[in-house]
Amino acid sequence: MSVDNIKMAQLILPDVKITAQEILEKYPPRQLKEGAMVTRFAPSPTGFLHIGGLFTAMVNKRAAMQSDGVFYIRIEDTDKKREIEDGVKIVIDGLNAFGIDADEGFCPDGQKGDYGPYQQSQRRDIYRAFVKQLMEKGMAYPCFLTEQELSEIRAEQEKLKVNTGIYGKWAKYRDITVDEAQKLINEGKSFVVRLRSPGDPQKRISFKDAIKGKIEMPENDQDVVILKADGIPTYHFAHAIDDHLMGTTHVIRGDEWISSAPIHLQLFYVLGFKPPVYAHVSPIMKEENGGKRKLSKRKDPEAAVGYYYEQGYPKESVMEYLMTIANSNYEDWRKANQKEDNKNFPFNLKKLSLSGALFDLVKLNDVSKNAISIMPAQKVFELSLEWAKQYDKQLAELFERDRQYATEILNIDRENKKPRKDIAKWSDVRDYVEYMYDEIWDKSEMVLPENISNEDGIKIIDAYLQKYNPEHTKDEWFNTMKEICEPLGFASEVKVYKKNPDAYKGHVGDISTVIRIALTGRKNTPDLYYIMKLLGQDKVKERLNSFKEKLS
RNA sequence: GGCCCGUUGGUCAAGUGGUCUAAGACUCCGGCCUCUCACGCCGGCUACAGGGGUUCGAAUCCCCUACGGGUCACCA
């Protein structure tokens with residue numbers, strides 16, 4: 001620690017009073033059990049939450065949960081230019097909407113924890129103290145290169161076909177003296193602080209990535225900027241300081257960060273910190289023209305988590321799907337443990353995909369149908385109502401008018417061992433219940449199948465009307481349907497009909513189709529018996545009669 | 001271009017030198033199931049990027065090529 005270095009540090013950061021050592025003392029190591037992982041999700045408030053971000057956040061949370069560790073959320077707002085209004089709220093709400101709640105940092109009920117503040121813009125003094133310490137040790141220096149000089153250097157480097165950047169002989173201010181610096185400052189020149197990189201690109205650094213395995217790269221020799229001209233640190237520097245101070249054991253982040261890992265490792269090294277374990281998650285991709293590409297915020301609506309919310313995918317479904325992407329054995333586990341909370345699934349970081357997974361909406365729908373099919377009707381009702389209140393007001397009114405009725409509709413066939421899987425998202429519910437409400441019932445498609453004449457249709461309805469008894473049990477009801485068949489020339493057993501199709505006009509299935517169309521306007525619906533029960537005898541008779549009129 | 005990472009069916013993927021004439025899931029196509037649809041069940045289509053090694057033996061290890069992705073900022 002030379003006198004000049006100390007002078008330089010004082011010149012550049014005169015306002016910094018607290019020392020790095022003092023700060024270190026305020027952040028004691030965490031007392032956690034052996035093997036507990038401390039993870040974090042660290043978004044920047046620059047727009048909506050990306051589905052890939054949700055995925056990474058989920059992986060972080062799972063890893064901490066699994067090991068009885070801590071998962072915290074930290075806001076990385078060191079770039080004021082890109083920040084948007086309400087950016088923090090958007091990202092935190094987005095996370096919380098899918099059940100990603102932090103144990104510490106930005107929690108649903110506000111900031112909490114002993115290792116804060118958890119927002120980088122509030123940690124300015126901390127970073128600056130460490131920058132000052134580095135300068136005192138001669139490991140960092142002020143750099144007065146202007147934007148124009150920088151681009152000239154770049155152009156020159158490109159011409160020479162050497163690596164771009166500030167390193168070696170290109171690092172013009174590496175050995176600037178205090179007097180020179182003082183002079184430039186007096187002239188009003190702005191500056192950044194750069195790391196005096198001790199790296200040698202001929203040497204290689206290797207680290208063990210918890211997902212990708214051993215990764216080896218040339219050492220960093222770039223004098224990267226650690227403090228920007230506005231006095232705020234760069235991501236790289238803030239990362240090293242925060243993750244050390246906050247006791248992060250595992251940094252799980254998108255794999256676009258792999259290439260800057262040598263910088264980060266070097267930063268930990270010069271700061272005298274033990275680096276965390278890194279785990280680099282592959283991005284979620286989208287298929288386009290037969291190729292893969294990263295889901296893009298601009299081009300793909302499904303890239304934003306808001307999309308899933310608006311479509312009415314329950315958070316369980318989205319998380320369930322993301323789990324199947326994360327650990328492919330999850331599906332088997334889910335099959336064996338249908339109703340269990342998935343926090344009991346033994347999540348494994350090592351099982352994450354090495355290549356990027358294509359986001360598959362079709363699969364999401366399937367996963368979601370399964371997830372919804374095992375929910376009790378009450379829950380389906382509540383969640384779809386909550387969704388409808390925001391996105392389908394009319395449906396919400398209908399549901400609230402008679403909650404019992406709505407719940408019973410949603411309960412049809414639900415308590416079977418083999419529940420129906422018609423609903424993938426809440427926006428499907430309207431179509432599913434539509435004919436149960438006169439107000440929204442769409443009768444435009446009410447036509448008989450081609451093999452049934454209007455005349456026969458009328459006869460069938462008449463015959464059924466005569467036998468209709470709302471008190472019937474399901475078996476009695478079905479027998480009634482069969483009884484109608486023979487007198488009208490239809491087979492009461494499908495098998496009989498198939499053996500000798502020319503002898504009949506159709507079979508019991510056709511009979512019930514006519515009734516089904518009269519009652520619902522559709523050829524396909526869930527169990528007709530229960531639909532009639534819910535509709536009630538007045539409405540059943542009314543619909544049957546009015547369809548008959550329409551046919552004649 | 002430099003540096004990294006990756007490449008098993010249409011998609012997600014299991015697989016870590018022999019049990020792989022390669023699992024499972026989604027999609028698609030058949031079939032079955034005392035009403036339709038859905039569910040379920042049975043069956044089917046479709047894959048180790050290419051080429052060299054190493055080995056008795058390779059999807060699995062090594063090398064090269066091709067392709068895909070990422071990154072090279074006073075953005076994160």
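Chain A is the first sequence line, chain B the second, and so forth, proteins listed ahead of strands; every chain is numbered from 1. Predicted model, so just to flag it, every value in this text is computed and none were measured.
As judged by a 4.0 angstrom heavy-atom cut-off over every strand, Pro419(A) is placed among residues touching the sugar-phosphate backbone only. Looking at heavy-atom distances under 4.0 Å, Thr525(A) makes contact with a base. If you check every strand for non-hydrogen atoms under 4.0 Å, Met217(A) touches sugar and phosphate atoms only. Counting non-hydrogen atoms under 4.0 angstrom, Val362(A) reaches the backbone sugars and phosphates but no base. Nucleic acid contact class of Arg194(A) (heavy atoms, under 4.0 Å, all strands): sugar-phosphate only. Here Glu493(A) lies out of heavy-atom contact (under 4.0 Å) with every strand. Among the protein residues, Glu147(A) comes within range of no part of the nucleic acid, since none of its heavy atoms lies under 4.0 Å from any strand. Within the nucleic acid shown, Lys523(A) comes within 4.0 Å of at least one base atom, counting heavy atoms only. Lys161(A) comes within contact range of no nucleotide atom at all, as no heavy-atom separation falls under 4.0 Å. Within the 4.0 angstrom heavy-atom criterion, no nucleotide atom of any strand lies near Arg253(A). The residue Ile423(A) sits apart from the nucleic acid: no heavy atom pair falls under 4.0 Å.
When distances are taken from the side chain of Asp527(A) to each of C26(B), C35(B), C5(B), the shortest belongs to C35(B). The listed nucleotides are C3(B), C35(B), U36(B); the one nearest the side chain of Pro218(A) is C3(B). Considering only the side chain of Glu331(A), A25(B) comes nearest among A76(B), C39(B), A25(B). When distances are taken from the side chain of Asp79(A) to each of C5(B), A76(B), C3(B), the shortest belongs to A76(B). For Asn524(A), whose side chain is taken as the heavy atoms from C-beta onward, the closest listed nucleotide among C74(B), C37(B), A76(B) is C37(B). Among the nucleotides C4(B), U36(B), A76(B), the one closest to any side-chain atom of Ile258(A) is C4(B).
A donor and an acceptor atom sit less than 3.5 Å apart, one in the side chain of Arg420(A) and one in the base of C37(B).
Taking atom P on both nucleotides, G2(B) is separated from U65(B) by 11 Å, rounded to a whole Å. Taking atom C1' in both A58(B) and C75(B), one finds a spacing of 45 Å when rounded to whole Å. Across C5(B) and U21(B), the matching P atoms stand 32 Å from one another, rounded to whole Å. Look at the C1' atom in both C20(B) and C26(B): the space between them is 23 Å, to the nearest Å. The gap from the C1' atom of C12(B) to that of U7(B) amounts to 15 Å, rounded to the nearest Å. Comparing G70(B) with C45(B), their C1' atoms sit 35 Å apart, to the nearest whole Å. U34(B) and G44(B) have their P atoms separated by 23 Å, with the value rounded to a whole Å. Separating the C1' atom of U8(B) from that of U71(B) is a span of 27 Å, rounded to the nearest Å.
Phosphate proximity of A13(B) to Lys363(A): absent, as no side-chain N or O sits under 4.0 Å from OP1 or OP2. For the OP1/OP2 pair of G15(B) and a distance below 4.0 Å, the side-chain nitrogens and oxygens of Lys351(A) include at least one atom meeting the criterion. Contact between the side-chain N/O atoms of Thr78(A) and the OP1/OP2 oxygens of A76(B) is found at a separation under 4.0 Å. Side-chain nitrogen and oxygen atoms of Lys228(A) include at least one within less than 4.0 Å of the OP1 or OP2 phosphate oxygen of A76(B). Contact annotation: Arg82(A) side-chain N/O to A76(B) OP1/OP2 distance is not under 4.0 Å. A sub-4.0 Å separation between OP1 or OP2 of C39(B) and a side-chain N or O of Lys369(A) is absent. Distances shown here put every side-chain N or O of Arg334(A) at or beyond 4.0 Å from the OP1 or OP2 atom of G24(B).
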Note to self: Determine whether Trp257(A) and Tyr235(A) satisfy the following criterion, ring-ring contact (aromatic ring centres under 6.0 Å, His included), listing intermediate values before the conclusion.
What the structure shows: CA-CA 11 Å; Trp257(A) 291 109; Tyr235(A) 166 82; 4.1 Å; yes
Next item on the list: Check step by step if side chain to side chain donor-acceptor pair (under 3.5 Å) holds for Asn370(A) and Lys421(A).
Entry: CA-CA 7 Å; Asn370(A) 282 323; Lys421(A) 299 182 180 174; 2.5 Å; yes
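Aromatic ring orientation, His239(A) versus His264(A): perpendicular (interplanar angle above 60°, classes split at 30° and 60°).
Taking the ring centroids of Tyr321(A) and Phe359(A), they lie under the 6.0 Å cut-off. For an aromatic pair to be called close, the ring centres must be under 6.0 Å apart, and Tyr468(A) with Tyr529(A) fails this.
Inspection of the Asn220(A) and Tyr167(A) side chains reveals no N or O donor paired with an N or O acceptor under 3.5 Å. A donor atom on one side chain and an acceptor atom on the other are found under 3.5 Å apart for Asn342(A) and Arg62(A).
By the neighbour-count criterion of 12 heavy atoms within 6.0 Å, atom CD of Glu187(A) is densely surrounded, having more than that number from other residues, nucleotides or ligands.
In this structure, the NZ atom of Lys421(A) is 12 Å from the P atom of A25(B), given to the nearest Å. Rounded to whole Å, the distance from CH2 on Trp257(A) to P on A76(B) is 7 Å. In this structure, Asn348(A) atom CG and G15(B) atom P are separated by 10 Å, rounded to whole Å. Atom C1' of nucleotide U71(B) and atom CD of Glu256(A) are separated by 10 Å, given to the nearest angstrom. Rounded to an integer number of Å, the gap from Ile409(A) CD1 to A38(B) P is 21 Å. For Ile263(A) and G70(B), the CD1 to P distance is 19 Å, given to the nearest whole Å. At whole-Å resolution of the value, NZ in Lys474(A) and P in U36(B) are 12 Å apart. Regarding Asp366(A), its CG atom lies at a distance of 12 Å from the C1' atom of U11(B), rounded to whole Å.
Taking the salt bridge (Lys or Arg N to Asp or Glu O under 4.0 Å) definition, one finds that Glu486(A) meets it with nothing, sequence neighbours left out.
In this structure, Ser190(A) and Ser328(A) both approach RNA chain B, and ranking their closest nucleotides by distance from the 5' end singles out Ser328(A). Residues Asp255(A) and Pro526(A) each lie close to RNA chain B; by heavy-atom proximity, the contact nearer the 5' end of the strand is made by Pro526(A).
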Item checked: Dot-bracket pairing map - RNA chain B, Watson-Crick plus G-U, both contacts under 3.5 Å, | cross-strand -> ((((((((.[[[..)..(.....]]].(((((.......)))))....[[[[[..)....]]]]])))))))....
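Between Leu448(A) and Val514(A) there is a side-chain heavy-atom pair separated by less than 4.5 Å.
Remark: side-chain polar atoms of Thr56(A) are paired, donor with acceptor, to backbone N or O of Gly52(A) under 3.5 angstrom.
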